[in-house]
Each structure stands twice: as C-alpha cells, then as structure tokens.
**Student:** 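Pasting a structure below so you can have a look.
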Amino acid sequence: MAALRTCEQPSLGNLEMSFNVFDTNVEKNQTQGNGEDEFDYSQRAQWLRAAVLGANDGLVSVASLMMGVGAVKDDIKAMLLAGFAGLVAGACSMAIGEFVSVYTQRDIETAQIKRKRSMQESSGDYDEESDGEKLPSPCQAAIASALAFSIGAVVPLLAAVFIRQHKVRLAVVAVVASLALAVFGVAGAVLGRTPVVRSSLRVLIGGWMAMAITFGLTKLIGGTTGI
C-alpha cells in the first residue's frame, strides 16, 4: 500500500502540473490573441471618412460637371474651366463643411465629458485617467477633406486635358472616373476592414448614376433651350 501510495502521488502531481501549464498557455494565447485584435478600427473612422468621402466627392462631382458641360459644349476649354472651378469650389466647400461638422461634434463630446466629470466628482468616483479621451480635430478633418477632394477632382481633369476629340474625351473621362472610383472603393474597404466587393460596387454604381443623370439632364435642358 505504501508503494502504491508512493506511485500515485507523483502521478497526481504531474497531472496537476500539466493542467497548470495548459491553463497558463491558454491564458497566454488568449492574451496574445486579444493583443492582435486590440486595434480599434473605429479610431480610423474620422480621417478615413473624411479622406474617402472627399476623394469620391471630388471625383464624382468634377467628372459629372465635365460630362454635363461636354453634353452641350464641344470646346475643351469649357470642360476644363468647369472642372477646375468645380475643384476649387468643392475643396473649399468640403473643408468648411467638415470643419463646422467636426467642431460641432467636438463641442458635444466636450460637454458630455464635463457632465460625466461633474457626476463622478459628486459621487466621489472621479478618475483623472477618464479625462484622457481624445477629441476629434476639426482642422485635421477639414484639411484631409480638402486634399482628398482635390486629389479625386484632378483625375478627370488630367484624363481630359490632352484629348481633343469631343466624343473620345467624354468616353475617356467616364472610363478613368470609373476606374478611380473602383480603386477608392477598394482602398476604403481595405483600410476600414469592410467587404471589398460590396463597397466598391456601391461607390462605382453611385458614381455612374451621378454622371449619367448630370449628362442626361444637361443634354435635355441644353437641347430644349438651344444653349
């Protein structure tokens, strides 16, 4: 019996040690796994939204504007001037709109932080670390929107500047704009970890609709009024 008891004790100890090692490894793997997934992609939402929306708006707005002018005017100067005016006006509009929007969001979050701090101080649970919340930057969002809009707007302008034939110029602008829209859709989906195909199709179809509607309505109005 003593020999049996002696043999059993190491076995139970080894079994308990194995379980402890297994639990430690599981906890370590979970910690490592959580560390890999700790990155919060919502942190990218502010600048990603401003950049992707700005580029898409610049591309679609200027390409649609150029297509609309090209529907009634064969002159390349008219298309390029309209596109350049759309670039400048759109970039300024995006910057101002984004600045006002994000500043309003910042004011709301600041007021919420103050209310939260006041409640914590009254209840005695105030924690200084909770004041380290990062607020959105209106200037950063405005600059990102203006730059992104300008980058997107330059694409159709560069596509049309060297082509003299009217119909070929319209076709090239439409094709280049479509390719750029697809690229912007893929880039936004990859950076934001969203479905690539769905995001790209959504951006591409929206751009097609904007260009087609602008071209069709301008052609109709121009033919009716004799412009």
Side-chain angles (χ1 to χ4, degrees), residues 48-101 141-192 194-227:
L48 179 62
R49 178 178 65 88
V52 174
L53 286 180
N56 286 337
D57 286 348
L59 179 60
V60 173
S61 298
V62 173
S64 300
L65 185 59
M66 293 175 66
M67 294 289 289
V69 173
V72 295
K73 295 287 186 180
D74 295 342
D75 188 7
I76 186 175
K77 292 182 179 180
M79 285 187 65
L80 294 179
L81 285 174
F84 181 75
L87 186 156
V88 176
C92 294
S93 176
M94 286 288 295
I96 295 172
E98 195 70 22
F99 182 85
V100 173
S101 175
I143 294 173
S145 296
L147 289 177
F149 187 96
S150 301
I151 291 172
V154 165
V155 174
L157 283 172
L158 293 178
V161 68
F162 299 111
I163 301 175
R164 297 298 174 183
Q165 295 183 2
H166 176 63
K167 293 183 178 180
V168 176
R169 185 166 62 249
L170 290 176
V172 169
V173 169
V175 171
V176 171
S178 300
L179 293 176
L181 284 172
V183 171
F184 290 154
V186 171
V190 171
L191 291 174
T194 57
V196 175
V197 176
R198 187 184 305 171
S199 299
S200 301
L201 286 177
R202 184 165 54 240
V203 172
L204 189 58
I205 293 174
W208 285 346
M209 291 177 62
M211 288 187 288
I213 292 172
T214 305
F215 181 86
L217 289 178
T218 308
K219 187 76 172 179
L220 178 62
I221 295 174
T224 304
T225 59
I227 298 177

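It should be emphasised that the depicted structure is a prediction, and the values quoted were computed from it without experimental measurement.
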**Student:** Nearest 0.5 Å, what's the CD-OG distance between Glu98 and Ser93?
**Tutor:** 10.5 Å

**Student:** To the closest 0.5 Å, what do you measure between CG (Leu204) and OG (Ser199)?
**Tutor:**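 Rounded to the nearest 0.5 Å, the CG-OG separation comes to 12.0 Å.
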
**Student:** If you compare all heavy atoms of Ala63 against all heavy atoms of Met211, which two are closest, and at what distance to 0.1 Å?
**Tutor:** CB-SD, 3.9 Å

**Student:** Only counting residues at least two apart or in another chain, list the ones meeting ring-ring contact (aromatic ring centres under 6.0 Å, His included) with Phe215.
**Tutor:** none

**Student:** Please list, one pair per line, the donor and acceptor atoms closer than 3.5 Å that link side chains of residues 74-88 to other protein atoms, with sequence neighbours excluded.
**Tutor:**
residue : atom : partner : partner atom : Å
Asp74   : OD1  : His166  : NE2          : 3.3
Asp75   : OD1  : Lys77   : N            : 3.1

**Student:** Once you round to the nearest 0.5 Å, how far does CE of Met67 lie from NZ of Lys219?
**Tutor:**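 Those atoms lie 11.0 Å apart.
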
**Student:** Within this structure, what is the OG1-CE distance for the pair Thr214 and Met209, rounded to the nearest 0.5 Å?
**Tutor:**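 With rounding to 0.5 Å, OG1 (Thr214) is 11.0 Å from CE (Met209).
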
**Student:** Minimum heavy-atom separation for Val62 to Pro156, with atom names?
**Tutor:**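 Scanning both residues completely, I find the closest heavy atoms to be CG1-CG, 3.8 Å.
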
**Student:** Look at the side chain of Ser61 and the backbone N and O of Asp57, then say whether any donor-acceptor pair between them is shorter than 3.5 Å.
**Tutor:**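 It does hold such a pair.
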
**Student:** When rounded to the nearest 0.5 angstrom, what is the spacing between OG in Ser64 and CG in Leu59?
**Tutor:** 8.5 Å

**Student:** Tell me the closest heavy-atom pair linking Ala142 and Phe99, and the distance in Å.
**Tutor:**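 What the structure gives for the nearest pair is CB-CB, 3.9 Å.
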
**Student:** Under 3.5 Å, which donor-acceptor pairs do the side chains of residues 173-189 form with other protein atoms, sequence neighbours left out?
**Tutor:**
residue : atom : partner : partner atom : Å
Ser178  : OG   : Ala174  : O            : 2.8
Ser178  : OG   : Trp208  : NE1          : 2.7

